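Please read all numbers here as calculations on a predicted model, not as lab measurements. Each chain gets a letter, A, B and so on, in the order the sequences are listed, and its residues count up from 1.
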Protein chains: 2
Amino acid sequence: METIEKLTKKLRSQGMKITPQRLMIFRVLENNTSHPSAENVYKRVKRIYPSVSFTTIYKTLETLRELGEVREFVIDDDRKHYDPNTNLHHHVICSSCKKILDVFEDFSSHVTLPEPVKKDYTVSGFQIFFHGICRDCKLPVA
Amino acid sequence: METIEKLTKKLRSQGMKITPQRLMIFRVLENNTSHPSAENVYKRVKRIYPSVSFTTIYKTLETLRELGEVREFVIDDDRKHYDPNTNLHHHVICSSCKKILDVFEDFSSHVTLPEPVKKDYTVSGFQIFFHGICRDCKLPVA
DNA sequence: TAATAAATAAAAACGATTGTTAATTAGATA
DNA sequence: TATCTAATTAACAATCGTTTTTATTTATTA
């Protein structure tokens with residue numbers, strides 16, 4: 001996601017309006033590396049803007065996705081998560097607490113499709129999901 | 001997934017019953033590399049066993065998952081898919097038609113977490129999702 | 001073959017998401 | 001600055017995939 005300022009300009013130039021609700025959503029997402037679900041975003045916005053509706057969150061997230069400002073993905077879960085970092089990167093997920101962490105490392109020189117598959121698919125990119133246990137969950141229960 | 005014969009023995013040894021509905025589901029899944037959704041399985045079973053209910057499909061797939069006989073996963077889609085091949089492997093998905101193909105290649109020597117992340121996560125495995133366009137979808141429209 | 005625990009079909013319930021609507025409002029323009 | 005209008009909102013209903021519930025049926029085994 002770009003800065004809020006740039007995003008604001010971009011939206012306005014397309015005839016879209018910058019409402020206080022949208023601004024709150026942008027602020028919640030800005031530099032957010034927690035991979036929130038729509039509900040997470042809703043709860044955080046609601047704290048500072050209690051009358052906001054869930055619909056608005058969904059609609060705005062969809063708008064941001066269409067504009068390529070956030071990436072939508074699903075992991076081990078039946079709800080979608082949103083990531084304002086749209087640069088190519090990978091993820092580690094804790095099988096226990098489901099916490100997701102970004103992995104910024106370029107594996108592209110090592111990860112390519114085997115020859116036979118290359119004939120059938122033209123690959124535009126790939127995503128690696130690491131599964132594991134985070135340090136907190138690994139600790140013995142007190 | 002093991003052979004139907006072995007699977008049958010395994011289930012019975014655990015006090016579970018082998019019903020005709022289950023056998024049909026096993027047959028639909030056996031050697032199936034199409035990554036079917038519950039609905040796909042339902043439709044195929046229904047052809048030969050028209051009175052089967054959706055509930056039975058869901059329950060049986062869950063049972064198979066608990067037993068480690070199928071792997072459940074989600075890609076770019078809001079429904080779950082099932083894979084009777086539980087060996088570690090990766091996938092290519094066509095962004096256009098959503099067709100999924102298996103990728104059997106061992107990337108494990110090249111794909112490891114960066115050092116700083118290794119301190120926080122103990123990784124048990126990883127999955128690579130390649131995105132691309134399949135040959136059929138790449139062809140110009142007639 | 002009868003007993004019984006497990007599995008079934010059908011229906012209702014469920015949670016996440018999307019569509020609809022009437023009312024409100026941001027932001028351009030007079 | 002006030003007015004106007006299309007975009008956005010909140011509230012609600014609807015939908016979709018999946019799960020739960022319940023009463024009935026059935027696979028297994030004694």
Could I get the full list of side-chain contact (heavy atoms from CB on, under 4.5 Å) partners for B/K59, not counting sequence neighbours? B/T55
N or O in side chain of A/R79 less than 4.0 angstrom from C/dG15 OP1/OP2: no
Could you list the residues that satisfy side-chain hydrogen bond (donor to acceptor under 3.5 Å, both in side chains) with B/N87, not counting sequence neighbours? B/N85
Contact list for residues 42-57 of chain B, test salt bridge (charged side-chain N to carboxylate O under 4.0 Å, His left out), sequence neighbours left out: B/E39-B/K43
Determine all donor-acceptor pairs shorter than 3.5 Å in which one atom belongs to a side chain in residues 8-17 of chain B; sequence neighbours excluded.
unit_1, atom_1, unit_2, atom_2, d
B/T8, OG1, B/I4, O, 2.7
B/K10, NZ, B/E69, OE2, 2.9
B/S13, OG, B/K10, O, 2.7

B/F26 atom CZ is separated from C/dA7 atom C1', nearest whole Å, by 12 Å
Under the ring pair (Phe, Tyr, Trp, His ring centres under 6.0 Å) rule, collect the residues that match up with B/F26, sequence neighbours excluded. none
With 3.5 Å as the limit, what N/O pairs link the protein to nucleotides 25-27 of chain C?
unit_1, atom_1, unit_2, atom_2, d
C/dA26, O3', A/I18, O, 3.3
C/dA26, N3, A/K17, NZ, 2.8
C/dG27, OP1, A/R12, NH1, 2.3
C/dG27, OP1, A/I18, N, 2.8
C/dG27, OP2, A/R12, NH1, 3.2

Who passes side-chain contact (heavy atoms from CB on, under 4.5 Å) against B/P114, sequence neighbours left out? A/V103, A/E105, B/P116, B/V117
Using heavy atoms and a sub-4.0 Å distance, could you list which residues of residues 39-62 of chain A are near DNA chain C? By number, please. A/T55, A/Y58, A/K59
Not counting sequence neighbours, which residues clear side-chain hydrogen bond (donor to acceptor under 3.5 Å, both in side chains) with A/T56? List them please. A/S53
Quick one: side-chain contact (heavy atoms from CB on, under 4.5 Å) partners of B/T112, sequence neighbours excluded? B/K118
Would you say the side chain of B/R79 lies within less than 4.5 Å of the side chain of B/H81, judging by non-hydrogen atoms? yes
Between side-chain atoms of residues 120-130 of chain B and protein atoms elsewhere (two or more places apart, or another chain), which donor-acceptor pairs fall under 3.5 Å?
unit_1, atom_1, unit_2, atom_2, d
B/D120, OD1, A/R135, NE, 3.4
B/D120, OD1, A/R135, NH2, 3.3
B/Y121, OH, A/K99, O, 3.3
B/T122, OG1, A/K138, NZ, 3.0
B/S124, OG, A/H131, O, 3.2
B/Q127, NE2, B/H89, O, 2.9

The first and last nucleotides of DNA chain D lying within contact of chain A, meaning any atom under 4.0 Å from one of its heavy atoms, run from D/dA6 to D/dC12
